[in-house]
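In this text the structure is predicted, and so the values were computed from the model without any measurement. Counting starts at 1 for both ligands and their atoms, in listed order.
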Amino acid sequence: MKLARNYIDGQWVTQSSQRLKVVDPGKDEIIGEVVLSSEEEVHHAVISAQSAFPSWRATPATERIQYLFKLKVLLDENIESLARTITIECGKTIAESKGELKRAIENVEVACGIPMMMQSEFSEDISSGIDEFMIRQPLGVAACITPFNFPGMIPFWFLPYAVACGNTYLVKPSEKVPFTMQKVFELIEEAGFPKGVLNLVNGGKESVDAILRHPQIKAISFVGSSDVAQYIYSESAKYGKRVQAQGGAKNPVIILPDADIDVTSKIISDSVYGCAGQRCLATSTVITVGESKAKMIDSLIDSASNKIVGYGLDENVEMGSLITEESKKRVYSLVDKSIAEGGKLVLDGRKLSGSILMSGYYMKPTIIADVNPDGEVFQTEIFGPVMGIISIETIEDAIKIVNSGRYGNAASIFTSSGSSARKFRYEANTGNVGINIGIAAPMAFFPFSGWRESFYGDLHGQGKHAVEFFTQTKVVIERWPKEWSRKF
Ligand code: NAD
């Protein structure tokens, strides 16, 4: 059986006796096993990273990025097989898998600019003959803990910046989808990074706790659900670590009556149902304002019911499966709960037929109208292909609803009015905002923002925030009096 192993100190290792089965969610078939690393194995990886740090840190940034250039080429060359691995273990479509890999590669490209991005500030003559400047130095060993839904992309929000800045690194992928990082680390090995600079540690909670407690790990990047993000944030702080913890989401989109109906409903449908709704930037709540309700609902039902659902490797499929049987049961039951709270089921994706849909963890696009904004489901991250619709009369009330949720990851508006768009951009309490855009996913050179219960910390992943996160600043004030210099 295929086994997802650890990569420590430049070697593939299989110490752990604890294993977990890995399942293809689109077929409900076991595809392999993953090791669950003990505290001792995590320690082994940290020691390897710690030993590699002094010489990696002293390697000029211009040389460090040569490994990233090689990795970028290898990722490009292997995108097909990487995408297949993502689809098989994660259930999304092959086009979605390629899409996330492209976003991963963008981060490698941006991190290749580190020689310039790490440059700092210099003030001459802060007092007579005295200069002051700031240096950015790496922290040491850092680690990321990542979720199941983007196994190829999310580690790259952090990894390329961490090592480009001179840190050494540990990646702990989700135990549900360990095989993508296996392949990525084979490419990391081929790119020739020195031993110990990049390490892969597989596992679940026990491995995470060992990472959080380890005194030599200086910084933690986390992406996952909000309860775990909060735990990671407080535990990391307890152990004196720098931390950025991205949590869950429940993203609303407002449709004003002046929006273009056909274009808007197609974009929203893609935003709700992409990756079967298992995206932290998926639209979950659609807020129609005034007469847009009458215009939009039929069009949204139409776009949603036309989605082809099936096994992600089949080229014509537009929406794949959920990640586990448990997740499927949870999403199905949240639909019932929303109806019990007053919602009207206008499209039920729980009625399935056909051998594939009956074998994996599927759900077709679902729409619930008249969702109760005071109900529990409005505040719950469903993480499945379910669109909830709330209809109100004014943009002011729509923005109030956007700001009343517990999460603050993203929100969008569809309108042809510049002043409505500006009002929304100004008042929405979310870290990412879309205007006539369904998924406001920041490019690699912008921070992946997120507010309220969607983020714990201050510096986000990607771009300049990542450079600040992975470096510590040292301020130097210096004076070189002429009379202290030897005469030539
Ligand atoms: P999760 O929180 O269950 O797991 C994330 C990681 O934490 C995994 O590596 C897992 O091994 C570890 N983990 C799980 N439970 C733990 C515990 N009790 N103690 C310590 N570690 C633990 O998340 P998931 O189900 O893999 O991913 C889906 C979630 O991630 C959703 O809530 C989604 O919104 C969120 N997400 C957020 C973003 C963002 O940018 N904000 C991006 C992607 C996903």
Among all protein heavy atoms, pick the one closest to [atom] and tell me residue, atom and distance.
| atom | value |
| --- | --- |
| atom 27 (O) of ligand 1 | P147 CB, 3.2 Å |
| atom 24 (P) of ligand 1 | F148 CD2, 3.6 Å |
| atom 23 (O) of ligand 1 | S225 N, 3.5 Å |
| atom 34 (O) of ligand 1 | E381 OE2, 2.5 Å |
| atom 28 (C) of ligand 1 | F383 CE2, 3.6 Å |
| atom 10 (C) of ligand 1 | E175 OE1, 3.6 Å |
| atom 14 (C) of ligand 1 | V228 CG2, 4.2 Å |

Please enumerate all residues that pass side chain to side chain contact (heavy atoms under 4.5 Å, CB included) together with N429, with sequence neighbours excluded.
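Only N403, W451, R452 meet the side chain to side chain contact (heavy atoms under 4.5 Å, CB included) criterion with N429.
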Which residues satisfy the side chain to side chain contact (heavy atoms under 4.5 Å, CB included) test with K400, sequence neighbours excluded?
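Expected list: D397.
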Are [X] and ligand 1 in contact, using a heavy-atom cut-off of under 4.0 Å?
| X | answer |
| --- | --- |
| I154 | yes |
| W157 | yes |
| A249 | yes |
| F455 | no |

Looking at Y362, I'd like to know if the NZ or CZ of K328 sits under 6.0 Å from its six-membered ring centre while staying within 45 degrees of the ring's axis.
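Cation-pi check for K328 and Y362: fails.
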Heavy-atom contacts under 4.0 Å between [X] and ligand 1: side chain, backbone, both, or neither?
| X | answer |
| --- | --- |
| D209 | neither |
| F150 | neither |
| T146 | backbone |

Enumerate the atoms of ligand 1 whose separation from the nearest heavy atom of V208 is less than 4.0 angstrom.
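Here the atoms of ligand 1 in question are 20 (C), 21 (N).
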Do N199 and Y169 pair up side chain to side chain, a donor and an acceptor below 3.5 Å, judged on atom types alone?
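Per modelled atom types, N199 and Y169 side chains form no pair under 3.5 Å.
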Please report the interatomic distance CG(L313) to NZ(K92), rounded to the nearest 0.5 Å.
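Nearest 0.5 Å value for the CG-NZ distance: 13.0 Å.
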